[in-house]
Amino acid sequence: MDIRALLMGLTFALIWSSAFTSARIIVTHAPPLAASSLRFFIAGIIGVAIARLMGQTWNLTRDQWRATLIFGLCQNAIYLGLNFYAMQTVEASLASIIASTMPLMVAFASWVVFRDKLPPLGIIGLVLGITGVILIMSARLDAGVDMFGVALCVIGAIALTIATLSMRTMSSGGNLMMVVGLQMFVGAIVLGIASAFIETIEVTPTPALFAAFTYTVFIPGLAATWIWFALVARIGATKAATFHFLNPFFGVAIATALLGERLGPQDILGVAIITAGILAVQVSRQVKS
């Protein structure tokens with residue numbers, strides 16, 4: 001892994017983790033599904049425009065079109081939509097911890113569903129990840145966490161796992177920025193329809209909302225997605241996924257620093273164990289490959 005890939009991975013992990021804090025700010029001022037739909041619509045227009053300026057076309061391969069639909073539905077509509085909705089009652093730190101278990105879910109699905117061999121170190125990593133989640137959830141249950149919101153975050157993480165498993169075909173065939181832009185429209189359409197049925201549009205315009213929304217559109221929305229696709233194309237999905245082990249730490253640290261969310265000793269221990277589990281799983285997969 002070269003220096004450029006290392007910097008790309010660190011940047012992606014930091015941006016991806018910060019998105020939970022900006023989302024938490026947005027949903028306290030605007031309906032989550034409508035805000036998400038608008039976010040994806042704006043990001044889609046900008047992404048496609050940039051792609052056209054780069055000389056890219058709509059002529060995607062069949063695998064790219066299929067993966068674009070899957071990624072747009074699973075990541076943007078289900079994962080991000082449910083997380084935005086859940087963060088009306090779930091703290092950003094807890095949402096980021098749940099989402100950070102995605103590499104563990106990918107490893108487990110590859111092991112159980114696709115019959116990929118998982119070395120002993122990978123199995124240990126899965127056990128550590130589960131242990132860390134149990135520690136954190138037991139502490140949050142005692143504090144009265146909203147279990148419906150937690151369930152939405154878990155469903156979202158499962159959807160993100162499915163999206164990640166579609167990455168290999170998505171990142172092939174060129175037209176990378178066009179793919180980034182088009183998959184935004186999938187999320188915008190699905191969440192716009194959902195919002196029309198279940199939400200009342202009430203917005204409290206504040207500088208915090210404007211800053212958080214703008215940041216979410218351009219940085220986690222466009223920049224992080226492009227960096228992730230480019231990183232996978234550069235070093236492969238397995239090596240790129242290693243950077244996810246930083247997400248529990250970054251997500252909790254940013255939420256604590258910017259939102260003042262409180263963490264207990266059991267939370268910190270759980271984050272450390274999950275981080276170790278994710279790293280163990282990713283290292284075992286690299287050694288195997």
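The figures here come from the full heavy-atom set of this structure, side chains too, leaving out hydrogens, waters and symmetry mates. Bear in mind that the values here come from a model prediction, so they are computed numbers and not experimental data.
Under 3.5 Å, the side chains of Glu199 and Ser195 contain a donor-acceptor pair of N or O atoms.
Residue pairs meeting the side chain to side chain donor-acceptor pair (under 3.5 Å) criterion with at least one member in residues 209-225, sequence neighbours excluded, are Ser18-Tyr215, Ser22-Thr216. Sorted by first and then second residue, the side chain to side chain donor-acceptor pair (under 3.5 Å) pairs with a member in residues 28-50 read His29-Thr206; sequence neighbours excluded.
For Phe213, the CZ atom is densely surrounded, since the number of other residues' heavy atoms within 6.0 Å is greater than 12. Counting non-hydrogen atoms of other residues, nucleotides and ligands closer than 6.0 Å to CZ of Phe250 gives a total above 12. Atom OH of Tyr79 has more than 12 neighbouring heavy atoms from other residues, nucleotides or ligands inside a 6.0 Å radius.
Shown are Phe243, Trp226, Trp228; of these, the ring-ring contact (aromatic ring centres under 6.0 Å, His included) with Phe12 is made only by Trp228. Checked options Val27, Leu80, Leu191, Leu82; the residue passing with Pro32 is Val27 (criterion: side chain to side chain contact (heavy atoms under 4.5 Å, CB included)).
No donor-acceptor pair under 3.5 Å is formed between the side chain of Asn83 and the backbone N or O of Gly156. Using a distance-only test at 3.5 Å, with no hydrogens or angles considered, no donor-acceptor pair links the side chain of Gln75 to the main chain of Gly72. Judged by distance alone, with hydrogens and angles left aside, the side-chain atoms of Arg24 form no donor-acceptor pair with the main-chain N or O of Phe84 at under 3.5 Å. At least one donor-acceptor pair under 3.5 Å links the side chain of Thr161 to the backbone N or O of Ala157. A donor-acceptor pair under 3.5 Å is formed between the side chain of Asp267 and the backbone N or O of Gly264.
You'll find the side chain of Leu135 reaches within 4.5 Å of the side chain of Ile273, heavy atoms only. Put simply, the side chain of Ile274 reaches to within 4.5 Å of the side chain of Ile278, judged on heavy atoms. Under the 4.5 Å side-chain criterion, counting only non-hydrogen atoms from C-beta, Thr89 is not in contact with Phe148. Put simply, the side chain of Gln266 does not reach to within 4.5 Å of the side chain of Ile136, judged on heavy atoms. In this structure, the side chains of Ile98 and Leu94 come closer than 4.5 Å at one or more pairs of heavy atoms. Using a 4.5 Å heavy-atom threshold, the side chains of Val180 and Leu222 count as touching. Looking at Asp146 and Val150, their side chains never come closer than 4.5 Å, going by heavy atoms from C-beta outward. Under the 4.5 Å side-chain criterion, counting only non-hydrogen atoms from C-beta, Gln183 is in contact with Asn76.
Distance check: Trp65 CH2 to Arg62 CZ gives 13.5 Å after rounding to the nearest 0.5 Å. Note that CZ of Phe249 is 10.0 Å distant from CG of Leu14, once rounded to the nearest 0.5 Å. Atom CE of Met184 is separated from atom CD1 of Ile45 by 12.5 Å, given to the nearest 0.5 angstrom. Atom CD1 of residue Ile26 and atom CD of residue Gln88 lie 12.5 Å apart, to the nearest 0.5 angstrom. Between atom CG of residue Leu279 and atom CG of residue Leu128 there is a gap of 10.5 Å, rounded to the nearest 0.5 Å. To the nearest 0.5 Å, atoms CD1 (Ile162) and CD1 (Ile78) are separated by 7.0 Å.
Smallest separation of non-hydrogen atoms from Pro119 and Ser284: CG-O, 3.7 Å. Residues Glu261 and Ala92 approach most closely at OE2-N, 2.9 Å, considering heavy atoms. Nearest approach of Ala86 to Leu152, heavy atoms of both residues: CB-CB, 4.0 Å. Across Ala107 and Leu126, no two heavy atoms sit closer than the pair CB-CD2, 4.3 Å. Nearest approach of Asn247 to Ser17, heavy atoms of both residues: OD1-OG, 3.1 Å. Contact record, Gly9 with Leu231: CA-CD2, 3.7 Å, taken as the closest heavy-atom pair.
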Next item on the list: Could you check Met178 against Met54 for side-chain contact (heavy atoms from CB on, under 4.5 Å), going step by step and ending with a plain yes or no?
Entry: CA-CA 9 Å; Met178 183 62 73; Met54 295 171 64; over 6 Å; no
Notebook entry, point to check: When you look at Leu73 and Val190, which way does the side-chain contact (heavy atoms from CB on, under 4.5 Å) test go after all the steps?
Noted result: CA-CA 8 Å; Leu73 176 64; Val190 174; 4.2 Å; yes
Check: How far apart are the C-alpha atoms of Val252 and Ile97, what are their side-chain angles, what is the distance that settles it, and do they pass the side-chain contact (heavy atoms from CB on, under 4.5 Å) test?
Finding: CA-CA 7 Å; Val252 168; Ile97 290 168; 3.7 Å; yes
Check: Does the side-chain contact (heavy atoms from CB on, under 4.5 Å) test come out yes or no for Leu60 and Leu182, once each step is laid out?
Finding: CA-CA 11 Å; Leu60 307 181; Leu182 291 177; 3.8 Å; yes
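Both Ile123 and Met105 are assigned to one and the same hydrophobic cluster, defined by single-linkage of ILVMFWY side chains at heavy-atom distances under 4.5 Å. Hydrophobic clustering of Ile, Leu, Val, Met, Phe, Trp and Tyr side chains at less than 4.5 Å, counting indirect connections, unites Ile42 with Val203. Residues Leu259 and Leu209 fall into different hydrophobic clusters, defined by Ile, Leu, Val, Met, Phe, Trp and Tyr side chains chained together at heavy-atom separations under 4.5 Å. Connection of Phe40 to Leu38 is established within a shared hydrophobic cluster, with ILVMFWY side chains joined at heavy-atom distances below 4.5 Å, either directly or through further cluster members. Both Trp16 and Ile158 belong to a single network of hydrophobic side chains, linked directly or stepwise wherever heavy atoms of I, L, V, M, F, W or Y lie under 4.5 Å apart.
Using the six-membered ring where Trp is involved, Phe185 and Phe41 have ring planes that are perpendicular, over 60° apart on the 30 and 60° scheme.
Listed by chain and residue number, nothing satisfies the salt bridge (charged side-chain N to carboxylate O under 4.0 Å, His left out) test with Arg52 (two or more places apart in sequence, or in another chain).
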